[in-house]
Peer 1: 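Pasting a structure here, questions to come.
Numbered from 1 within each chain, the chains take letters A, B, ... in sequence-line order.
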Amino acid sequence: MLELNAIRAEPERLIEGLKKRNFQEEELSIVNQIIALDDQRKSTQTDLDQTLAERNRLSKEIGDLFKQNKREEAESMRAQVGELKEQASEMEDQLKNIQSELTELLYTVPNIPHPSVPSGNTDDDNEVFKAWSGELPELGDDAKPHWELAKDYGIFDLELGVKITGAGFPVYRGKGAKLQRALISFFLDEATEAGYDEVIPPLLVNENTARATGQLPDKEGQMYYVNEDNLYLIPTAEVPVTNIYRDVILEEDDFPIKLTGYTPCFRREAGSYGAHVRGLNRVHQFDKVEIVRIEHPDRSYDSLMEMLGHVERILEKLELPYRILRLCGGDLGFTSALTFDFEVYSAAQKRWLEVSSVSNFETYQANRLKLRYRSENGNRLAHTLNGSALALARIVAALIENNQTPEGIVIPEKLRSYTGFSVLS
RNA sequence: GGAGGAAUGGCAGAGCUGGUUUAAUGCACCGGUCUUGAAAACCGGCGUACCGAAAGGUACCGGGGGUUCGAAUCCCUCUUCCUCCGCCA
């Protein structure tokens, strides 16, 4: 969530940001509501502190009187303190109410978009930041979409997944499973070479963790929930990995912190069915290698560009046509200030598939995480960033469609040492 | 799953028969003196959040609640860790 002090310092900046996210005029009053409520918080806090200070002072006196055996004087002061106590507990309740109301309001405020974020409502309004400069592969009319190829070559089986679990849980088999494992290793090695430390995090997280990175309360319905233990299945490694740094105060020379992690990701994707989600285009469980960075605020946007370069290199090694989009205000994630999406061209489906999303959250997550660093001007919030590098399922979809030949699916050069075969047949 | 013990500031570790503790002491860390330099020694500093221009105040001793004029200290509850037993890769 946004910092109160930042909202107070530049309310116009927040209002401009909300407009870019297509907030209606009447919804903008939330900014003034927050500031007014915070004023209330401050004055209540001050009153309470003064009352408690008085109570502490009197209590100390009573203690002294008891020691001097002046019982009667002590007794009369007791009554006084009793009154203060009542006042204090009233103020405490009031403060609690104000605070929870304030937090609730703050939870409804999204991050302020970066100045470069274009305005717009839908993904049609996203800006093409980097277009594909080469030619798009033409496969001809007998080209098969990946779900048909999967059947021909036994790469994955969605019907089998239905039997075991339900729709959207693919079972990868044989060389398909091997390809999956090869891609994971390849992505992890790329990240490690680029200086990211590998972690294997838990796949289930508690409420505090999900709240700190912003999945709760915003995306509650997106996560699978284990009721008996009050745990959530992770929708991305971002959640457990970023939370490694919850409640941490860093030194300035700890930056940059670079982490990578492979995890399966679980997403309910409730209500999304139809032709455009066929095959691996949208599934409930998929594998992903994530990169996470924690940065000094002055350097976070340089970091973001570096992460873009990292993803580009991987896609180039995989020989996949890709383009980069800068998300518009309407498409931008709730917690993000600036997001670039990577799309690869899936030549049989003749459409672009999103395979990576690279974002700078600035201090939005750090505020909930209480992730700070010591600076000369006191402790300040760090910036958090993350990106997929990469999400597997759709990469596999594009890879097998684009590389289909009558002899089988040709594995890109750079991947062959990982798969152990050059043609999937 | 059963029984017992524990949880204190970056770490170690007192306090736990309630009132000079707004948490001793040591180590680590930062600044200074000394030194050609370093070490040692000595001096000083050294948690987080909120309110306040500042002085200062308030809260926090695993989380929540309670008793009391007053709680790190007493009571209840939850969580986590350790030891033993059981079960099981």
Peer 1: For nucleotides B:rG31 and B:rC46, find the distance between their P atoms and express it as a whole number of Å.
Peer 2: 15 Å
Peer 1: So, do A:Tyr301 and A:His114 have ring centers that fall under 6.0 Å from each other?
Peer 2: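 Centroid separation for A:Tyr301 and A:His114: below 6.0 Å.
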Peer 1: If we ignore hydrogens and angles and just use 3.5 Å, is the side chain of A:Glu401 paired with the main-chain N or O of A:Ala348 as donor and acceptor?
Peer 2: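 Indeed, once roles are kept as given, a pair shorter than 3.5 Å links the two residues.
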Peer 1: Could you state the CD-P distance from A:Glu3 to B:rA49, rounded to the nearest angstrom?
Peer 2: 12 Å
Peer 1: Pick base, sugar-phosphate or nothing for A:Leu48, based on heavy-atom distances below 4.0 Å to the nucleic acid.
Peer 2: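 Nothing: the residue A:Leu48, judged by heavy atoms under 4.0 Å, touches no strand.
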Peer 1: Determine, for A:Asp197 against A:Lys258, whether the closest basic-nitrogen to carboxylate-oxygen distance falls under 4.0 angstrom.
Peer 2: no
Peer 1: Could you measure between the two C1' atoms, the one in B:rC81 and the one in B:rG62, and give it in whole Å?
Peer 2: 10 Å
Peer 1: Could you give the distance separating B:rU36 and B:rC29 at their C1' atoms, to the nearest angstrom?
Peer 2: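 To the nearest whole Å, 27 Å.
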Peer 1: In whole Å, what is the span from the CD1 atom of A:Ile62 to the P atom of B:rU20?
Peer 2: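 Roughly 14 Å, once rounded to whole Å.
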Peer 1: Is there a side-chain contact between A:Lys60 and the phosphate of B:rU20, meaning an N or O under 4.0 Å from OP1 or OP2?
Peer 2: no
Peer 1: Does OP1 or OP2 of B:rA59 have a side-chain N or O of A:Asn56 closer than 4.0 Å?
Peer 2: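 A:Asn56 to B:rA59 OP1/OP2: side-chain N or O found under 4.0 Å.
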Peer 1: A:Arg372 near the nucleic acid: base, sugar-phosphate alone, or nothing, with a heavy-atom cut-off under 4.0 Å?
Peer 2: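 Here A:Arg372 touches the backbone only, sparing every base.
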Peer 1: What's the CD-P distance between A:Glu207 and B:rG63, to the nearest Å?
Peer 2: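 Checked: the CD to P distance equals 18 Å.
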Peer 1: Could you give the CG-to-C1' distance, from A:Asp49 to B:rC60, as a whole number of Å?
Peer 2: 13 Å
Peer 1: Can you tell me the base-pairing partner of B:rC29? Count Watson-Crick or G-U wobble geometry only, both distances below 3.5 Å, and say none if there is no partner.
Peer 2: B:rG45
Peer 1: Roughly how many Å apart are B:rA23 and B:rG56, using the P atom of each and rounding to a whole number?
Peer 2: 15 Å
Peer 1: Which nucleotide, in any strand shown, forms a Watson-Crick or G-U wobble pair with B:rA3, with both distances under 3.5 Å?
Peer 2: B:rU83
Peer 1: Take the protein atom CZ of A:Arg246 and the nucleotide atom C1' of B:rU48, then report the distance between them rounded to whole Å.
Peer 2: 17 Å
Peer 1: For atom C1', what is the distance between B:rU73 and B:rG66, given to the nearest Å?
Peer 2: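 Per the computed distance, 15 Å lies between those C1' atoms.
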Peer 1: Would you mind telling me which residue lines up with the more 5' stretch of RNA chain B, A:Ala53 or A:Asn379, judged by nearest nucleotide?
Peer 2: A:Asn379
Peer 1: Indicate, with yes or no, if the rings of A:Tyr262 and A:Phe187 have centres closer together than 6.0 Å.
Peer 2: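 When the ring centroids of A:Tyr262 and A:Phe187 are compared, they turn out to be at least 6.0 Å apart.
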Peer 1: Measuring from atom CD1 of A:Ile234 to atom OG1 of A:Thr209, what distance do you get when rounded to the nearest 0.5 angstrom?
Peer 2: 11.0 Å
Peer 1: Would you indicate what A:Leu58 reaches in the nucleic acid, counting non-hydrogen atoms under 4.0 angstrom: base, sugar-phosphate, or nothing?
Peer 2: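 Answer is nothing: A:Leu58 stays at 4.0 Å or more from every strand.
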Peer 1: Could you check how far CD of A:Glu251 sits from P of B:rC29, rounded to whole Å?
Peer 2: 13 Å
Peer 1: Indicate whether OP1 or OP2 belonging to B:rG10 is found under 4.0 Å from a side-chain N or O atom of A:Arg374.
Peer 2: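 The answer is no; no side-chain N or O of A:Arg374 sits under 4.0 Å from OP1 or OP2.
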Peer 1: Is any side-chain nitrogen or oxygen of A:Arg41 closer than 4.0 Å to OP1 or OP2 of B:rC51?
Peer 2: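 Yes, such a contact exists.
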Peer 1: Quantified in whole Å, what is the C1' atom distance between nucleotide B:rU17 and nucleotide B:rA72?
Peer 2: 15 Å
Peer 1: Where the side chain of A:Arg21 meets the backbone of A:Asn111, is there a donor-acceptor pair that is under 3.5 Å apart?
Peer 2: yes
Peer 1: Which one is paired to B:rG19, where only Watson-Crick or G-U wobble pairs with both distances under 3.5 angstrom count?
Peer 2: B:rC69
Peer 1: With respect to the side chain of A:Leu52, which nucleotide from B:rA59, B:rG57, B:rG70 is positioned closest?
Peer 2: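 For the A:Leu52 side chain, the nearest candidate turns out to be B:rA59.
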Peer 1: Give a yes-or-no answer on whether the side chains of A:Glu207 and A:Tyr232 include a donor-acceptor pair shorter than 3.5 Å.
Peer 2: no
Peer 1: By nearest atom, which of the nucleotides B:rU48, B:rC50, B:rG70 is closest to the A:Ile249 side chain?
Peer 2: B:rU48
Peer 1: Quantified in whole Å, what is the C1' atom distance between nucleotide B:rC16 and nucleotide B:rG5?
Peer 2: 15 Å
Peer 1: Counting Watson-Crick and G-U wobble pairs only, both distances under 3.5 Å, name the nucleotide matched with B:rG9, or none.
Peer 2: none
Peer 1: Give the rounded distance in Å between these two atoms: CZ of A:Arg55 and C1' of B:rA59.
Peer 2: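 Distance check: A:Arg55 CZ to B:rA59 C1' gives 10 Å.
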Peer 1: Now, which nucleotide makes the Watson-Crick or G-U wobble pair with B:rA38, with each of the two distances under 3.5 Å?
Peer 2: none
Peer 1: Rounded to whole angstrom units, what separation is found between the CG atom of A:Asp47 and the P atom of B:rA59?
Peer 2: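 Value for this atom pair: 15 Å.
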Peer 1: Using the C1' atoms only, state how far B:rG18 lies from B:rA71, rounded to an integer number of Å.
Peer 2: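 6 Å, rounded to whole Å.
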Peer 1: For B:rC88, give its Watson-Crick or G-U wobble partner with both distances under 3.5 Å, or none.
Peer 2: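 The base-pairing partner of B:rC88, which may sit in any strand shown, does not exist here.
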Peer 1: Pick the closest RNA chain B nucleotide for A:Lys96 and for A:Lys42 by heavy atoms, then say which residue is nearer the 5' end.
Peer 2: A:Lys42
